[in-house]
Visitor: 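Quick one: the structure is below, and I'll ask about it shortly.
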There are 2 protein chains.
Amino acid sequence: MKAIGIVGGVGPSAGTDLANKIFSHTKAVRDQDHINLFLTSCPSLIPDRTRFLLEGGEDPAPGIQKCMEYLASCGATAVGISCNTAHAPEILGRVKVPEGVTFVNMIRQTADFVEKVFSDKENSKVGLLATLGTLRCNVYDKYFTEIVKPDAEVAEAVHDAIYNTEYGIKALSGVSDKARQAVCDAVEHLKNKGCGVVILGCTELPLVFNGSRKYFETDLVDPTEILAMALIRATEPDKLVITEPEVISKLDG
Amino acid sequence: MKAIGIVGGVGPSAGTDLANKIFSHTKAVRDQDHINLFLTSCPSLIPDRTRFLLEGGEDPAPGIQKCMEYLASCGATAVGISCNTAHAPEILGRVKVPEGVTFVNMIRQTADFVEKVFSDKENSKVGLLATLGTLRCNVYDKYFTEIVKPDAEVAEAVHDAIYNTEYGIKALSGVSDKARQAVCDAVEHLKNKGCGVVILGCTELPLVFNGSRKYFETDLVDPTEILAMALIRATEPDKLVITEPEVISKLDG
């Protein structure tokens, strides 16, 4: 039997957000129609990814490894990690995927999705908002021919909107006006740099837009939602629901 | 190390709702402040509880048992089930809690909470909305001196608001106008029967009120939220946050 595994907890809300996006993309009219799923939410095992990458903080790889093993032992066959920064090769490159498990890489899936859905858009230039760890370790770069990053000052404002212990999204488990403003300004900034598509490359960022896929004329891409769809495809593909006809035709094409 | 386990999947959104309520009641300014948590969401292992209780459907107890064992093997020390009907003695009575695990009973916790917080309210008569399985198998009765249930017709309308494959909350993973109307009418009906407090005794029902704890003058009780607080108390009690001063003083009293 196939089952989905989520290495969550980084942050906690990102793991349940991924699970909920899997549920909402599943063809189901009763509980039993849903795909079996396991979630580990063990932040104490997985130290901060950006701190490890940029400041020599504690290593998150062993904890991610442990969580993958928990998920495999429960019977998960397709596993994803609901954290962009954890996909840095410096971290993920040292995690051994357990036998019998397919690892579904959120960044690769996002790149495939953007290529399929947006490459024929008039302005298909792609921008990226993310933590400083994801930006500086080039987590997205190798999957794209070109990806536009924000200038240093804007990048730091976005990082702060995620991490600040007073008004940051992680601290509040919600979005303060100050955090919202910083992220919206950053989308605007990427638009001014010529981007027609912006990847919200940290699981906290889609919360700012409350599920919306557009900010003025800019298309917003939520890697968590793309990972949700990919995990359904990797387990019970017949159950995948995509509500936007335009997206369906392009993904199937 | 202590960790929370959730037997979820029944329905899927109820499991992540419980996890999110745990996160929002946890004192945390960074990921690592959160309590480690494991969630199983395996609806295919846990057949419908009401169908088993009332129509001789497949037995959900072995699947619940299996999920508890998964959670124990990952290291969960305090486990809850995010389904009211599963707490029926006919089901839960045959589940053996694994060694090293404390089972936190959502119904008992709800009864304690209602007693502490509402017993000095002018009208503290308690009503219950739930599935037909929970109502007919007296899941709540043994924990209360008196609990008011809706008349048959109203009870069936609420059950339908949960289960109907066209407009029910389980089918839509959301609340249709028709389902909302049926549940609001049922609260009104219990109020007319003299209740000042109404327990939303199915994990789907709090979705109708979108986190609100009042419906006109009636106090609404969400057992999922109470279970969330109890699971924090059972693992890392110092991290429990309750935002309502009135509730804090009564719980501590």
Side-chain angles (χ1 to χ4, degrees), chain A residues 1 3-4 6 8-26 28-49 51 58 60 63 66-67 69-71 73-75 83 163-166 168 170-174 204 236, chain B residues 1 3-4 6 8-26 28-49 51 58 60 63 66-67 69-71 73-75 83 163-166 168 170-174 204 236:
Chain A
M1 168 143 8
I4 293 170
I6 298 176
V10 282
S13 304
T16 49
D17 185 40
L18 173 56
N20 285 336
K21 282 170 180 164
I22 291 168
F23 303 152
S24 67
H25 277 283
T26 303
V29 295
R30 45 181 208 133
D31 297 352
Q32 288 71 30
D33 296 335
H34 284 273
I35 302 165
N36 287 350
L37 177 152
F38 301 95
L39 164 72
T40 62
S41 182
C42 299
S44 85
L45 298 183
I46 307 180
D48 193 77
R49 287 68 60 202
R51 192 162 303 140
E58 264 187 281
K66 186 84 199 146
C67 288
E69 282 159 14
Y70 284 142
L71 294 168
S73 74
C74 291
C83 172
Y163 275 98
N164 189 286
T165 54
E166 310 257 302
K170 280 185 188 292
L172 299 182
S173 296
E204 266 77 14
E236 301 193 38
Chain B
M1 163 136 20
I4 293 171
I6 298 176
V10 284
S13 305
T16 47
D17 185 41
L18 173 56
N20 285 336
K21 282 171 180 163
I22 291 168
F23 302 151
S24 66
H25 277 282
T26 302
V29 294
R30 44 180 209 135
D31 298 351
Q32 287 71 30
D33 296 334
H34 284 273
I35 302 167
N36 287 350
L37 177 153
F38 301 95
L39 164 72
T40 62
S41 182
C42 299
S44 85
L45 297 182
I46 307 179
D48 193 77
R49 289 67 60 201
R51 192 161 302 140
E58 263 186 283
K66 186 82 199 147
C67 288
E69 284 159 14
Y70 283 141
L71 294 168
S73 75
C74 292
C83 172
Y163 276 97
N164 189 285
T165 52
E166 310 258 302
K170 280 184 187 293
L172 300 182
S173 296
E204 266 77 16
E236 300 194 39

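Every chain is numbered from 1, with letters handed out A, B, ... down the list of sequences. As the structure is a prediction and not an experimental result, all values here were calculated from the model. No hydrogens, no waters, no symmetry mates; every other heavy atom, side chains included, goes into these values.
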Visitor: Which heavy atom of B/Pro47 sits nearest to which heavy atom of A/Gln32, and what is that distance?
Guide: C-NE2, 3.5 Å
Visitor: Checking A/Ile35 against chain B: side chain, backbone, both or neither under 4.5 Å from a heavy atom?
Guide: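 Contact with chain B: backbone only.
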Visitor: What's the shortest heavy-atom distance between B/Val29 and A/Thr165, and which atoms?
Guide: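 Closest approach of B/Val29 to A/Thr165: CG1-O, 4.1 Å.
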Visitor: Taking all heavy atoms of A/Phe23 and all of B/Ser41, pick out the closest pair and write down the distance.
Guide: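 Closest approach of A/Phe23 to B/Ser41: CZ-OG, 3.7 Å.
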Visitor: Of all heavy-atom pairs between B/Ser44 and A/Asn36, which one has the smallest distance, and what is that distance?
Guide: OG-ND2, 2.8 Å
Visitor: Inspect the contact between A/Lys170 and B/Asp33 and indicate whether a charged nitrogen and a carboxylate oxygen are less than 4.0 angstrom apart.
Guide: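 Looking at B/Asp33 and A/Lys170, the cut-off is not met.
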Visitor: Determine whether A/Leu39 and B/Thr16 make a side-chain contact, defined as any pair of heavy atoms from C-beta on separated by less than 4.5 Å.
Guide: no
Visitor: OH/B/Tyr70 to CG/A/Leu71 distance, rounded to the nearest 0.5 angstrom?
Guide: 12.0 Å
Visitor: As an exercise: rank A/Cys67, A/Gly8, A/Pro43 by heavy-atom pairs under 4.5 Å with chain B and give me the winner.
Guide: A/Pro43
Visitor: Using non-hydrogen atoms only, which part of B/Ile46 is less than 4.5 Å away from chain A: side chain, backbone, both, or neither?
Guide: backbone
Visitor: Can you say whether A/Ser24 sits under 4.5 Å from chain B via the side chain, the backbone, both, or neither, judging by heavy atoms?
Guide: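 Interface part for A/Ser24: neither.
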Visitor: Out of B/Gly168, B/Gly11, B/Cys74, return the one with the most heavy atom pairs under 4.5 angstrom to chain A.
Guide: B/Cys74
